[in-house]
Amino acid sequence: MSHTPSLDDYRLLGRSGLRVSPLSLGTMTFGEEWGWGAGPEEAAKIFDLYLDRGGNFVDTSVNYTDGAAERLLGGFLKGRRDRVVVGTKFTMAREPGNPNSGGNHRLNMIRSLETSLRRLQTDRIDLLYLHGWDFTTSSQEVMRGLDDLVTSGKVVYVGICNTPAWRIAEMQTMAELLNWSPFVALQFEYSLIQRTVEHELIPLAASKGMGVVPWSALGGGVLTGKYSPDDLVGDSGQGTAAGSRKGVIEASGNLTERSLAVADVVREVAAELGAEPAQVALAWTLANPAVTSPIIGARTLAQAENNIAALDVVLPAEHLARLHSASAPEPIFPKSFMDRPLTKGLVFGGASVATRG
């Protein structure tokens, strides 16, 4: 009988020696300031459940629920701080109209960190992520700034999210050459309805020693089966995210006919295995050996229980194959060109040669 993991079956994060749970607790749902999150009491129950089950990897950001997520988390951590690996992020603006309250530059990096430290009531951030590439700050400024924060002791490890693969490769190589702190974690959207990261970002993480920490493994809830074709909207509905969780999903582009078709297959597989669709979607993400710890984002205690139970789901090969087939992304250049029989024949002279991907 194959062993199923639990939250205290810890994994190493990238090339670091840091031990983290196979599911990370996301806190973007902590706080009601955005109109659809968990209130303080429910958020506390979710946090306690996660820790009681052995979880130790918590994800937040300086901008989540306008700062409420970090403030709530800071209260929950009292007396338990050293049990938890706390990851937070900088980049997103905190002051409307102030261009320097957002971005990847050193000023925002430092101000965001100090804000997070105060809210979390802690003397260090275990994992500080760059939240998204701003297309303005230089790689040198980012990597030197992050290394200075690690040297100061206020940050222990650094990671990066939502950035082009070539840019991450540039920065990671720079860190290696200059003996600066390298990225140990890479966050991006990854689910059965968003698999384009398999083209470049997942191979990059494996090559450059970064643990993959996917967000939105449930496709914003689409893969749970909660939406139907009646929920589809036209282009006029895109971008109206305020006030409801459905608005966020519409704005993200995840609510499409293709996504609903994939969700149907997830629901079929779940029924055959006696599991919930959310559990199957998370189990599929966990089945990728490059993935370290998908982020779960629950608004209720019941949702948190459901998500954690994904660790008990083992997907047989035939079910994995069905899920892969239903959700496979279109190939992109240059791999689409280099995989053609004619091209392979020219490269290898007609011989059969094993490749490394």
Next item on the list: Check whether any side-chain N or O of S207 sits under 3.5 Å from a backbone N or O of L204 as a donor-acceptor pair, and report yes or no.
Entry: no
Next item on the list: Name all residues meeting the ring pair (Phe, Tyr, Trp, His ring centres under 6.0 Å) criterion together with Y190; count only those two or more places apart in sequence or in a different chain, and write none if there are none.
Entry: W284
Check: Are the side chain of Y157 and the backbone N or O of P182 linked by a donor-acceptor pair below 3.5 Å?
Finding: no
Next item on the list: Would you please test L25 and F47 for side chain to side chain contact (heavy atoms under 4.5 Å, CB included) and show each step?
Entry: CA-CA 8 Å; L25 179 63; F47 181 83; 4.1 Å; yes
Next item on the list: Flag the pair R94 and D66 as a salt bridge only when some basic side-chain nitrogen lies within less than 4.0 angstrom of an acidic carboxylate oxygen.
Entry: no
Margin query: Under a plain distance cut-off of 3.5 Å, with no hydrogens placed, do E95 and N100 share a side-chain donor-acceptor pair?
Written below: no
Next item on the list: Answer with yes or no whether the side chains of Q279 and D312 bring together a donor and an acceptor at under 3.5 Å.
Entry: no
Check: Between T115 and R111, is there a donor-acceptor pair closer than 3.5 Å when you use the side chain of the first and the backbone of the second?
Finding: yes
Margin query: Is it the case that atom CZ in R167 sees more than 12 heavy atoms from other parts of the structure closer than 6.0 Å?
Written below: yes
Note to self: Angle between ring planes, W34 versus W36, binned at 30° and 60°: parallel, tilted or perpendicular?
What the structure shows: tilted
Check: In Å and rounded to the nearest 0.5 Å, what is the OG1 to CG distance from T137 to L107?
Finding: 10.5 Å
Next item on the list: Take V142 and R106, measure what side chain to side chain contact (heavy atoms under 4.5 Å, CB included) needs, and give me the verdict at the end.
Entry: CA-CA 7 Å; V142 170; R106 185 185 285 256; over 6 Å; no
Next item on the list: Mark yes when over 12 heavy atoms from residues, nucleotides or ligands other than E42 sit less than 6.0 Å from its CD; otherwise mark no.
Entry: yes
Notebook entry, point to check: Any luck finding a side-chain donor-acceptor pair between E70 and T88 under 3.5 Å?
Noted result: yes
Check: Is there a donor-acceptor pair closer than 3.5 Å between any side-chain N or O of R83 and the backbone N or O of L51?
Finding: yes
Next item on the list: Check step by step if side chain to side chain contact (heavy atoms under 4.5 Å, CB included) holds for V84 and D126.
Entry: CA-CA 9 Å; V84 180; D126 302 315; 6.0 Å; no
